[in-house]
Each structure stands twice: as structure tokens, then as C-alpha cells.
Amino acid sequence: MKKFLNKENVIVAGIMVVIVLFLGIVIGADPIKEWLSEPIVWKETEYIEIVPTRINEIETNKLKIELLILNKSDITISSFEFIAIINGEEVKFNSSYGREFYNQTYQTLSTDIYLSTNPGKIFSNGAVISEDTYNKLLHTPLNEIDFDYKTVSLDGEKANGRDFKFRNNGTVKIILILALSAVLGYLGIYKVKQSWLRIVFKVCGLPAILFVVIIITVIAIGGSGKGTGDNGASDAENRYKRAANLKAGAAMHGNKEDAARAQAEMDKAMADMIGASSNNSSMRQAQERYKRAANLKAGAVMHGNKEDAAKAQAEMDKAMAEMIKNK
């Protein structure tokens, strides 16, 4: 213990504390988490095309952009998450608020994203943007909008019936950072002779050391705590409660679209609560069908399509029966 708490290591710990405080205050935790979650090089999905089809100001200082997502593959997409790049500003959106239909050639999905310069105007599936971008969107023809996108994730089913998953995440980046940190930490502890350089290398090695400590702690807590099914149920319960609050707020303001979206989130969270402790493949398939139908129902309700809403509800009821059967 005395060797561990020598002057040099105390200096290393002090420097690391200062760095963490500096990053937290100047940059903030959210931008750092966002950067770590992004890949070094984004993989592209050439079979996906996203096209803005309509922009309108639905209320003062709040825009809605309607998007069509064309899936030009033989994969049936059941859920998605993208980042729209509009006038250089990034906006995340996902299938929680999407709708699905088919044209003669492609599976076609659609969704709406909401933009405002006022944080209080954004309910969900949207972002706060600059006044410059807001004004450009209002006064620029649709075909001249500076629009691009990046694919974060896709889930679905291949033509042969197998599950399909596509991910763009920061796993490789995090592994490289930790590997480099471990190498530099090792050199600092065992190889480098100069005191000042040893301190620098040890500081660089702290992320790897902290990662190992966190993993050991998580394993220890997980071994004596609840199982993964309980954790999954707890997460789903929290999502359900948040969506219930959002639905209540939307209902109070007479916002039928946001109420329908929140209801879809509640339905999907309920499916996760029911199947949280099950590893049954039939349960998982029923869950996915239920969630997909919940999205379709929300889209139908938002467009006042009672027939499609009823069909989606029937699909949800059948999937629910299967979930209960396989629980």
C-alpha cells in the first residue's frame, strides 16, 4: 500500500482528477458519450435511401419534416435508427415513431422529425437547431435542402428467415483506446526510467486500469444481485413510466400525434416487461411482431386511418396471446 501511495502515483491521480473535471466542465459528459458511441469510420447502407418529402411549420417555432425511407434490399426492416444531417446539424430519429407500407418495388418506411430553436418545443424524435438552419428550412425549396444521413442501426429479417442486424457503434474505438491505454500504462509502470515521462504514461494508462476495476465491480455486484431478466424488466418498467408521462402531457395539450407515439412506446415497453425473463425464441418473435404492430398502429392513429389501426391492434392481440403462452 505504501508503495502504491508514493509521491509519483499521487501526482498521477491528481493530474487525472484535474483532466476529468476539465472535460466534465468544459466539454460535458453527453458530448463525450456521443463521441465514444460513434465509429471511427461509418459503414454505409447503399440499399437504404432517405428522402425528405415535406416540410411545414406546424406551430410557431416548430417544424415537422416528413421522411421516406426506401429499403432497396430483400431484407424486411422492423426497426431502425438514423442520424439526419440537415444543414450540417445532426438530428437522431428512429422507428419508434415510424410507419410502414409497400410500394410496387421497395419496402417503404416513413417517419417525422421535429425541429425547433426552442428546447421547450421538442417533444420527441427531434432536436434543437440554430435559427439559421430553421430559417433556411422554411425558405428553401425541398429539393435544394442540404440533407444527408448516417445509419446507426437496423434490425429485421433476411429473405431466408434469419435475423438481420446492422450496427454503427464505437466498440472498436473504445477497444483501441483501452488497448493503447493498457500498453502505455504498462510502459509507465515497468519500462520507462525518466520520472516525468513515467508520469505521463501512467496518466495515459489510468483509463485501462479504471475499466478493469469497473468490470470487476460490475461482476461482483451482478453475482450477488438480480438476474438479467430482472434488470431488463426494470428498464422496461422505467421506459413505460416515462412514456406514460409523455402521453399524459400530450393528451393535456390535445396533441394526438405525440400521444400515439407515446402509446407505442408504452406498448413496446410492456412487451419487454412480459418477456424480460424468457429466452424462448417464440417469445422473442412474438415480441418483435407486437412491437412492429404497435408502430404501425401509432402511424395509423396519427393519420386517422381506423381500418389500419384496427388491423394493427388485431396483430398486437395475437402476438400478445403468443407471448403469454410462451412466458
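Residue numbers start at 1 and run along the sequence shown.
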Query raised in the report: Is a side-chain N or O of R198 found less than 3.5 angstrom from the main chain of K193, in a donor-acceptor match?
Result: yes

Query raised in the report: Going through the checks in order, is the side-chain contact (heavy atoms from CB on, under 4.5 Å) test met by Y290 and K268?
Result: CA-CA 7 Å; Y290 188 92; K268 288 184 287 186; 5.8 Å; no

Query raised in the report: Is the backbone N or O of A271 less than 3.5 Å from a side-chain atom of Q287, with the two atoms forming a donor-acceptor pair by type?
Result: yes

Query raised in the report: Between atom CD of Q107 and atom CG of D74, what is the distance when rounded to the nearest 0.5 Å?
Result: 11.0 Å

Query raised in the report: Would you say Y114 and L63 make side-chain contact, with heavy atoms under 4.5 Å?
Result: no

Report task. For side chain to side chain donor-acceptor pair (under 3.5 Å), just list the numbers for Q313 and D317, CA-CA rounded to whole Å, side-chain angles, deciding distance to a tenth of an Å, and then say yes or no. Result -> CA-CA 6 Å; Q313 182 62 58; D317 292 338; 2.9 Å; yes

Query raised in the report: Would you call K72-E49 a salt bridge at under 4.0 Å N-O?
Result: yes

Query raised in the report: Less than 4.5 Å apart, any side-chain heavy atom of I27 and any of I32?
Result: yes

**Report entry** Side chain proximity check, R292 to T76, heavy atoms < 4.5 angstrom
**Finding:** yes

Query raised in the report: Once you round to the nearest 0.5 Å, how far does CG of D163 lie from CD of E157?
Result: 7.0 Å

Requested in this report: Could you tell me whether K43 atom NZ has more than 12 heavy atoms of other residues or ligands within 6.0 Å of it?
Outcome: yes

Query raised in the report: How long is the gap from CD1 on I86 to CD1 on I145, to the nearest 0.5 Å?
Result: 8.0 Å

Report task. For N61 and T117, run side-chain contact (heavy atoms from CB on, under 4.5 Å): C-alpha distance rounded to whole Å, both residues' side-chain angles, the deciding distance at 0.1 Å, then the answer. Result -> CA-CA 7 Å; N61 198 32; T117 58; 2.7 Å; yes

Query raised in the report: Taking the six-membered ring of Y186 as reference, does the NZ or CZ atom of K191 fall below 6.0 Å from its centre and within a 45° cone about the axis?
Result: no

Requested in this report: Indicate yes or no for a side-chain donor-acceptor contact from T53 to the backbone of E66 under 3.5 Å, with no hydrogens or angles considered.
Outcome: yes

Query - Short N-O contact, D112 and R261, less than 4.0 angstrom - result: yes

Report summary line: K311 meets the salt bridge (charged side-chain N to carboxylate O under 4.0 Å, His left out) criterion, sequence neighbours left out, with E307

Query raised in the report: Between K150 and E44, is there a salt bridge with N-O shorter than 4.0 Å?
Result: no

Query raised in the report: Could you go step by step and tell me if S130 and D132 meet the side chain to side chain donor-acceptor pair (under 3.5 Å) rule?
Result: CA-CA 5 Å; S130 66; D132 177 62; 4.9 Å; no

Requested in this report: Over all heavy atoms of both residues, which pair between M266 and Y240 is shortest? Give the atoms and the distance, please.
Outcome: O-CD1, 3.2 Å

Query raised in the report: How far apart are the C-alpha atoms of F147 and L67, what are their side-chain angles, what is the distance that settles it, and do they pass the side-chain contact (heavy atoms from CB on, under 4.5 Å) test?
Result: CA-CA 11 Å; F147 179 87; L67 300 174; 4.0 Å; yes

Query raised in the report: How many angstroms lie between atom OG1 of T133 and atom CD of E89, to the nearest 0.5 angstrom?
Result: 3.5 Å

Query raised in the report: Is any side-chain heavy atom of L137 closer than 4.5 Å to a side-chain heavy atom of I65?
Result: yes

Query - Contact summary for A309 and V301, nearest pair of heavy atoms - result: CB-CG2, 4.2 Å

Query raised in the report: Would you say K173's side chain and W35's backbone share a donor-acceptor pair under 3.5 angstrom?
Result: yes

Query raised in the report: Does T45 reach the main-chain N or O of I48 with its side chain, forming a donor-acceptor pair under 3.5 Å?
Result: no

Query raised in the report: Is the shortest heavy-atom distance from the side chain of T140 to the side chain of D146 under 4.5 Å?
Result: no

Query raised in the report: Can you list the steps and then say if I77 with I75 is a side-chain contact (heavy atoms from CB on, under 4.5 Å)?
Result: CA-CA 6 Å; I77 303 298; I75 299 164; 3.9 Å; yes

Query raised in the report: Is there a side-chain contact between K165 and L154 (heavy atoms, below 4.5 Å)?
Result: no

Query raised in the report: Taking the six-membered ring where the residue is Trp, are the ring centres of F80 and F82 under 6.0 Å apart?
Result: yes

Query raised in the report: Checking S37 side chain against E34 main chain: does a donor-acceptor pair fall under 3.5 Å?
Result: yes

Query raised in the report: Roughly how far apart are L210 CG and L178 CG, rounded to 0.5 Å?
Result: 10.0 Å

Query raised in the report: R167 and N169: which non-hydrogen atoms are nearest, and at how many Å?
Result: CB-ND2, 3.7 Å

Query - Under 3.5 Å donor-acceptor, R289 side chain and M320 backbone - result: no

Report task. Look at the side chain of S78 and the backbone N and O of D155, then say whether any donor-acceptor pair between them is shorter than 3.5 Å. Result -> yes

Query raised in the report: Taking NZ, NE, NH1 and NH2 as the nitrogens, is one of them in D272 or K291 under 4.0 Å from a carboxylate oxygen of the other?
Result: yes

Query raised in the report: Can you check whether F93 reaches I69 side chain to side chain, under 4.5 Å on heavy atoms?
Result: yes

Query raised in the report: Rounded to the nearest 0.5 Å, how far apart are CG of D148 and CD1 of I50?
Result: 9.0 Å

Query raised in the report: For atom CZ of F211, is the number of surrounding heavy atoms from other residues, nucleotides or ligands below 6.0 Å larger than 12?
Result: no

Requested in this report: Return yes if some donor-acceptor pair links the side-chain N/O of S116 with the main-chain N/O of N118 below 3.5 Å, else return no.
Outcome: yes

**Report entry** Non-hydrogen side-chain atoms of E8 and I199 separated by less than 4.5 Å
**Finding:** yes

Requested in this report: Give a yes or no on whether a salt bridge exists between K297 and E315, defined as a side-chain N under 4.0 angstrom from a carboxylate O.
Outcome: no

**Report entry** Ion pair check, E237 and K241, cut-off under 4.0 Å
**Finding:** yes

Query raised in the report: Does atom CZ of R54 have more than 12 heavy-atom neighbours, drawn from other residues, nucleotides or ligands, at distances under 6.0 Å?
Result: no

Query raised in the report: Charged N to carboxylate O under 4.0 angstrom, E38 versus K33?
Result: no

Query raised in the report: Between S181 (side chain) and I177 (backbone), is there a donor-acceptor pair under 3.5 Å?
Result: no

